[in-house]
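Order of appearance sets the numbers: ligands from 1, and atoms from 1 within every ligand.
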Amino acid sequence: MSHPHPELGTPPELPAGGLRVIPLGGLGEVGRNMTVFEYDGRLLIVDCGVLFPDESHPGVDLILPDFAPIRDRLADVEALVLTHGHEDHIGATPYLLRERSDIPLVGSELTLALLGGKLREHRLKETVTHKVKEGERISFGPFDLEFVAVNHSIPDALAVAIRTGAGLVLHTGDFKMDQLPLDGRITDLRAFARLGEEGVDLFLTDSTNAEVPGFTTAEKSITPVLDQVFRESAQRIIVACFASHVHRVQQILDSAVKHDRKVAYVGRSMVRNMAVARDLGYLTVPPGVMVDAKELATLPPERQVLISTGSQGEPMSALARIANRSHNFVHLEAGDTVVLASSLIPGNENAVYRVINGLSRWGARVVHKGNALVHVSGHASAGELIYCYNIVRPRNVLPVHGETRHMLANGALATLTGVENVVYAEDGVVVDLVDGVASVTGKVSVGYVFVDGQSIGDVTEAELKDRLILGEEGFISVIVVVDSVAGKVSAGPEIHARGHAWDDSMFEAIKQPIIDAVNELLSEGNDDTYQLQQTVRRIIGRWVSNTHKRRPMIIPVVVEA
Ligand SMILES: [Zn+2]
Ligand SMILES: [Zn+2]
């Protein structure tokens, strides 16, 4: 259970003419965005993304939204709308399509192209796609959709207006209001105003930066900073950024040309995504600037630029391997410059600082958002959100996309502008829009679905807790052999420990109490193995806790002689 709400029960049947909103992910975390809309028995899904694991998820590769609440109703799904190509919005789509492969996929050109690579990797071929553009309207069952251009840290992002008999819903997706973006495609506030005039009954808005006062700095303000870094660098420059941040890569390419350097990409997703962006015209590659990474290595260091993945410290990424000096052809030298032109996603701090330390140890100069303006956020700050509320004048607001504190801050901004009804929900909390009023009506049970290697959903939250206990507290095994005919312990206990500086001889003190307790149960005629094991676990558990202040995992094994 990701966000338990014990006060809420199963929602009542949706009244005729009502719209139900069921968030399956992204409300209560930054990641795995997925929202289900239900009207007249039919379903529309907006986004289907992944959440990246952090140190509290050892061994987990990806975290998916829980599809369980709609698993029996996949035939009712009219379409899946993908607002933009970020992993936290499209990354779980292949896993949903494994359950029903012909769900119509609706998105912009770049979004569908980035998703396409992912679907091919998962060998999903027979998919149905509908390419849409801002200004277009298209209907799926009872859902009449209209798309609105929004500016974000990836090109071609869309907000979606959803018209049903229950009213007009506007979902911003991820957005900000950069007024001078690189591609000139701004968030279409005129469309927001027009929809506001028509009457927006429910407005779902991006909460990520609601706590940040003012306005998000323009992407273009990075240009002079990059320029300065290039001017000051006498050797190779390595820039790490998100593999989907086309405009950031564009700025690096432009700086490279200006300073007479050549550029190569390192990292599989960077190579793949930038080829897609170039082919579709979202990235303008100046002639002659790109070379392949091996050819780049033959040039003098002052002519080299590498654009790399790994800006979040991902241990297997190109940048992490460069920092460890384990990359097969990029060998960092003292005096090289490394730029992390990226955000620092909460949870990744330790990994990122580990990489920065690794790079610094070899004598590289590391430029990152903590010491230079080499990154701006892709999300609207408080000032921008206030503008939106004043322009749209919605009847009801549901903050989405963020941790609890972000959603509360976003809702408070809506209230400031005079929005009368702000509804707060987390994953699984059901919001119904009935007669123009949105309210929480119940919850559905949702959990975290962990992808670990080839397994999807086999690792449970309980097993993850075990992994954490094993990692933090270690492990003790206790083997006791009993003779139930004689009614006493015949061998052992044999105690072994791992994961702490524990010498097995330390356990001598607790052996006799274990023997006494087991003998006592046996003499009472109690030879149930499970009960004997529980007794052993309790005795050693209490002893370790009292004498060593630890709570390791204890595996008691009682065997019959
Ligand atoms: Zn995004
Ligand atoms: Zn997002």
Please examine the side chains of Arg32 and Asp427, heavy atoms only from C-beta on, and report whether any two atoms are closer than 4.5 Å. yes
Suppose we only count N/O/S atoms under 2.8 Å; would Asp174 qualify as near the Zn ion (ligand 2)? yes
Any donor-acceptor pair under 3.5 Å linking the side-chain atoms of Thr172 with those of Asp206? no
#### Entry: the Zn ion (ligand 1) to nearest N/O/S of His89 less than 2.8 Å
no
Do Ser221 side-chain atoms and Thr217 backbone N/O form a donor-acceptor pair below 3.5 Å?
no
Would you say the Zn ion (ligand 1) has His84 as a near neighbour, meaning an N/O/S atom of that residue under 2.8 Å away?
yes
For a distance under 2.8 Å, tell me if His86 has an N/O/S atom near the Zn ion (ligand 2). no
Can you see whether His86 engages His152 through a side-chain donor-acceptor pair at a distance of less than 3.5 angstrom? yes
Under 3.5 Å, is there a donor-acceptor pair between the Thr205 and Tyr389 side chains? yes
Taking the Zn ion (ligand 2) as the apex, NE2 on His401 and OD2 on Asp88 give an angle, to 10°, of 100°
